[in-house]
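One structure is given here, and the rest of the page talks about it.
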There are 2 protein chains.
Amino acid sequence: MDIQLKRGLLDVCVLTAIKNEDSYGYKIIKDVKPYIEMSESTLYTILKRLELSGLLTVRTSEHDGRLRKYYHITKAGLMRIEDFKEEWREVMSIYQFVIKGDNNG
Amino acid sequence: MDIQLKRGLLDVCVLTAIKNEDSYGYKIIKDVKPYIEMSESTLYTILKRLELSGLLTVRTSEHDGRLRKYYHITKAGLMRIEDFKEEWREVMSIYQFVIKGDNNG
DNA sequence: ACGTAATACATCGTATCACGAAGTATTCTA
DNA sequence: TAGAATACTTCGTGATACGATGTATTACGT
């Protein structure tokens, strides 16, 4: 999929992946994989960014003697998803413009 | 509108704006404005990029004693629009993932 | 006549960001 | 016992939207 098209979707996909249940890096990648491909370096960059923006919080926890970083969505994170839904109307209007292609005569 | 979300749409919007009829910078901005905002610096950067990629060709023409650069879509440009339509299925599947948010239990 | 907006195009620098490459370390499995 | 899977991290790079700024002409209001 076109990298530019992905840009506006990745953040929201990550937030969606932790929306119902706290999750961790490796699992997030596997969960979103059916919908969108994401490399590890991309994911961890995004997680860092979302943390700095206050859209999620992090908690380190031990699991089978291995450390895992669990990510938890914040209210601002949930808001971000809602904003995305709002913006989708604009996106669809652009899509309509493109498929019709009747910009001028 | 979110700048990241715009990224995958701008190129295709510009191509759509010249699809039916050759057009020029200033007019393109006004034509796509109802759907998506685009600054001049952005537009001319895009036009340059699309030209270098062979998605459009340029022809300079005089209009009222002023030079205008008319942009004409190529076959590759039309293909680009078709590819976009194909990719839209993936985009919609991602959108569904986000609005449902039922990634795990 | 004069200033301001509109038309029309161009360049530069900056900040953001996805990703490949490479690295560290543990656990599971053939 | 080697390799795959799990789990996280850092670095460098290329792509790119945009504000700021500049140039030049035409149209319009007063």
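As the structure is a computational prediction, the values presented were derived from the model and not from experiment.
Contacts between chain B and DNA chain C, taken as any atom within less than 4.0 angstrom of a protein heavy atom, begin and end at dA6(C) to dC17(C).
Annotation: proximity of residues 5-15 of chain A to DNA chain C (heavy atom, distance under 4.0 Å) is found for K6(A), R7(A), L10(A), numbered in ascending order. Contacts of residues 38-63 of chain A with DNA chain D (heavy atom under 4.0 Å): E40(A), S41(A), Y44(A). Near DNA chain D, meaning a heavy atom under 4.0 Å from it, residues 71-88 of chain B has no residue at all.
Judged as a salt bridge (charged side-chain N to carboxylate O under 4.0 Å, His left out), the pairs with a partner in residues 34-47 of chain B (not counting sequence neighbours) are, in order, K33(B)-E37(B). The ring-ring contact (aromatic ring centres under 6.0 Å, His included) contacts involving residues 41-68 of chain A comprise nothing, where partners must be two or more places apart or lie in separate chains. Within the structure, the salt bridge (charged side-chain N to carboxylate O under 4.0 Å, His left out) test picks out the following pairs touching residues 3-17 of chain B (sequence neighbours left out): D11(B)-R49(B).
Considering only residues two or more places apart in sequence or on other chains, Y70(B) meets the side-chain hydrogen bond (donor to acceptor under 3.5 Å, both in side chains) condition with R68(B). Evaluation of the salt bridge (charged side-chain N to carboxylate O under 4.0 Å, His left out) rule for K30(A) yields no partner, not counting sequence neighbours. Under the rule for a side-chain hydrogen bond (donor to acceptor under 3.5 Å, both in side chains), Y95(A) has no partner lying at least two apart in sequence or in another chain. Qualifying salt bridge (charged side-chain N to carboxylate O under 4.0 Å, His left out) partners for E86(B), counting only residues two or more places apart in sequence or in other chains: R89(B).
Side chain of E87(B) to main chain of D2(A): a donor-acceptor pair is present (N/O by atom type, distance under 3.5 Å, no hydrogens or angles). Between the E90(A) side chain and the M1(B) main chain, no donor and acceptor come within less than 3.5 Å of each other. At least one donor-acceptor pair under 3.5 Å links the side chain of T74(B) to the backbone N or O of L55(B).
For R68(A), a side-chain nitrogen or oxygen approaches OP1 or OP2 of dA7(D) to under 4.0 Å. In this model, the phosphate group of dA7(D) is approached by a side-chain N or O of Y24(A) to a distance below 4.0 Å at OP1 or OP2.
The hydrophobic cluster containing I3(B), built from Ile/Leu/Val/Met/Phe/Trp/Tyr side-chain heavy atoms closer than 4.5 Å, comprises no other residue.
Atom CD in Q4(A) sits about 14 Å away from atom C1' in dC18(D), given to the nearest Å. What separates NZ of K27(A) from P of dA5(D) is a distance of 19 Å, to the nearest Å. Between I28(A) atom CD1 and dT6(D) atom P the separation is 15 Å, expressed in whole Å. Distance, D64(A) CG to dA5(D) P: 18 Å, rounded to whole Å.
Taking hydrophobic clusters as Ile, Leu, Val, Met, Phe, Trp and Tyr residues chained together by side-chain heavy-atom distances below 4.5 Å, L56(A) does not share a cluster with Y24(A).
Counting non-hydrogen atoms of other residues, nucleotides and ligands closer than 6.0 Å to NZ of K85(A) gives a total above 12.
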